[in-house]
**Q** 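Input: one structure, supplied below.
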Amino acid sequence: MTPALRPAAPADARALAALHALAFPPAEAWGADVIALMLEMTGGFGAWEPGRGLVLARAAAGEAEILTLAVAPAARRQGLGARLMASALAGAAARGAAAMFLEVAAGNAAARALYAGLGFAEVGRRRRYYADGADALVLRRDIVANTVDGDAAGRV
Ligand SMILES: CC(C)(COP(=O)(O)OP(=O)(O)OC[C@H]1O[C@@H](n2cnc3c(N)ncnc32)[C@H](O)[C@@H]1OP(=O)(O)O)[C@@H](O)C(=O)NCCC(=O)NCCS
């Protein structure tokens, strides 16, 4: 059986940071302090599967954004990234958001394929947005509450 995703709480920040560091290069990994702040922000929420993957998001004023999405290398291509995104979309719908935004590096083929498959479309480009000079694409997807997988608590 697929384990249920857990809601991410500020108290999980150290374990979430360790997991984030598995998925991103050291210069891009987020520390526990940053992750705790994200989860304490108004509208901040997230979901995770310990040791395998996490998503952090924020919903405010009818819109939501993905703050980060990370799946450990050993857990990739098993549908977890898509489940985490479904959970974030459900969590955003439950918080009244009608659209989800995110930024992705133009060269991140895996993430771009995942987001395209979930119905995200490019709505902007931020030139040289990342420290390595890569452009960021801004993607957007409508959230229609009753068409998002998962229940109101963001479980999928
Ligand atoms: C991007 C990432 C989150 C994907 O997680 P994942 O758990 O492997 O994704 P899923 O298994 O749910 O994949 C869903 C679909 O996305 C696409 N996809 C995922 N990884 C892919 C890859 N390496 N190449 C091409 N398509 C890919 C496929 O369409 C896949 O469906 P399929 O496996 O049936 O072909 C993961 O690779 C990761 O953590 N990367 C490093 C961090 C990162 O880039 N985060 C996103 C920043 S915006």
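Sequence positions, counted from 1, serve as the residue numbers for this chain. Order of appearance sets the numbers: ligands from 1, and atoms from 1 within every ligand. Since the model is a prediction, treat every value here as computed from it, not as a measurement.
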**Q** Using heavy-atom distances only, which candidate in Leu102, Thr68, Leu69, Val55 approaches atom 46 (C) of ligand 1 most closely?
**A** Leu69
**Q** Looking at atom 38 (C) of ligand 1, what's its closest protein heavy atom, distance included?
**A** Arg76 NE, 3.5 Å
**Q** Using only atom types and a distance under 3.5 Å, with no angle test, would you say the side chain of Asp142 pairs donor to acceptor with the backbone of Ala99?
**A**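 Answer holds: no.
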**Q** Tell me which protein heavy atom sits closest to atom 26 (N) of ligand 1, plus the residue, atom name and distance to 0.1 Å.
**A**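 Of the protein heavy atoms, Ala113 CB, 3.4 Å lies nearest.
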**Q** Side chains of Val104 and Phe120, heavy atoms from C-beta outward: is any pair under 4.5 Å?
**A**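 When only atoms from C-beta onward are counted, Phe120 and Val104 do not touch, as no gap falls below 4.5 Å.
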**Q** Step by step, work out the side-chain contact (heavy atoms from CB on, under 4.5 Å) result for Leu39 and Leu16.
**A** CA-CA 11 Å; Leu39 288 168; Leu16 291 165; 3.9 Å; yes
**Q** Is atom 14 (C) of ligand 1 touching the protein, meaning some protein heavy atom lies under 4.0 Å away?
**A**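 Protein heavy atoms within 4.0 Å of atom 14 (C) of ligand 1 - there is at least one.
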**Q** Which of the numbered atoms in ligand 1 are below 4.0 angstrom from a heavy atom of Ala111?
**A**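 With Ala111 as reference, the close atoms of ligand 1 come out as 1 (C), 46 (C).
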**Q** Walk me through whether Leu102 and Leu69 qualify under side-chain contact (heavy atoms from CB on, under 4.5 Å).
**A** CA-CA 10 Å; Leu102 61 84; Leu69 171 70; over 6 Å; no
**Q** Is the shortest N/O to N/O distance between Phe24 and ligand 1 below 3.5 Å?
**A** no
**Q** What protein heavy atom is closest to atom 4 (C) of ligand 1, reported as residue, atom name and distance in Å?
**A**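 Ranked first by proximity to atom 4 (C) of ligand 1 is Leu114 CD2, 4.0 Å.
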**Q** Would you say Gly117 touches ligand 1, if touching means a heavy atom closer than 4.0 Å?
**A**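 Checking ligand 1 against Gly117, which is what was asked, there is no heavy-atom contact under 4.0 Å.
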**Q** If you count the atoms of ligand 1 from 1 in the order shown, which ones are under 4.0 Å from a heavy atom of Ala70?
**A** 39 (O)
**Q** Check each of Asn108, Leu67, Leu54, Val71 against atom 47 (C) of ligand 1 and report the one with the nearest heavy atom.
**A** Asn108
**Q** Which atom pair, heavy atoms only, marks the closest approach of Ala92 to Phe45?
**A** N-CZ, 3.5 Å
**Q** Is atom 34 (O) of ligand 1 close to the protein, meaning a heavy atom under 4.0 Å from it?
**A** no
**Q** Where the side chain of Arg58 meets the backbone of Met41, is there a donor-acceptor pair that is under 3.5 Å apart?
**A** no
**Q** Note the single closest protein heavy atom to atom 7 (O) of ligand 1, along with its residue, its atom name and the distance in Å.
**A** Gly81 N, 2.8 Å
**Q** Look only at the side chain of Arg112 and the backbone of Ala106, and say whether a donor-acceptor pair between them is shorter than 3.5 Å.
**A**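 Such a contact is found between Arg112 side chain and Ala106 backbone.
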**Q** Starting at CD of Glu65, measure out to CE of Met100 and round the result to the nearest 0.5 Å.
**A**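 These two atoms lie 9.0 Å from each other.
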**Q** Got a sec: does the CZ of Arg14 have more than 12 other heavy atoms crowding it under 6.0 Å?
**A**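 Open: at most 12 neighbouring heavy atoms sit under 6.0 Å from CZ of Arg14.
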**Q** Among all protein heavy atoms, pick the one closest to atom 11 (O) of ligand 1 and tell me residue, atom and distance.
**A** Gly79 N, 2.8 Å
**Q** Which protein non-hydrogen atom lies closest to atom 48 (S) of ligand 1, naming both residue and atom, and how far is it?
**A**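 For this ligand atom, the closest protein heavy atom is Tyr115 OH, 3.3 Å.
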**Q** Looking at ligand 1, is there an atom of it that comes within less than 4.0 Å of some heavy atom belonging to Glu103?
**A** yes
**Q** Heavy atom to atom 30 (C) of ligand 1, shortest distance: which of Gln78, Arg112, Met85, Arg77 holds it?
**A**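 Closest candidate by heavy-atom distance is Arg77.
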**Q** Taking only heavy atoms of Ala23 into account, list the atoms of ligand 1 that are under 4.0 Å away from them.
**A**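 Answer for ligand 1: 41 (C), 42 (C).
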**Q** Kindly confirm or rule out an N or O of Ala109 lying under 3.5 angstrom from an N or O of ligand 1.
**A**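 Looking only at distances, the answer is no, because the N/O contact criterion of under 3.5 Å is not met.
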**Q** Give a yes or no on whether the backbone of Val71 and the side-chain of Arg76 come within a donor-acceptor separation of less than 3.5 Å.
**A** yes
**Q** Nearest protein heavy atom to atom 12 (O) of ligand 1, by residue and atom, and its distance?
**A**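 For atom 12 (O) of ligand 1, the nearest protein heavy atom comes out as Ala82 N, 2.9 Å.
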**Q** Check for a donor-acceptor pair, side chain of Arg95 on one end and backbone N or O of Ala60 on the other, with a separation under 3.5 Å.
**A** no
**Q** What's the shortest distance from atom 18 (N) of ligand 1 to any protein heavy atom, and which residue and atom give it?
**A**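 Ranked first by proximity to atom 18 (N) of ligand 1 is Ala110 O, 3.8 Å.
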**Q** With heavy-atom distances below 4.5 Å as the criterion, would you say the side chains of Tyr115 and Met85 are in contact?
**A**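 Heavy-atom side-chain distance check passes, below 4.5 Å.
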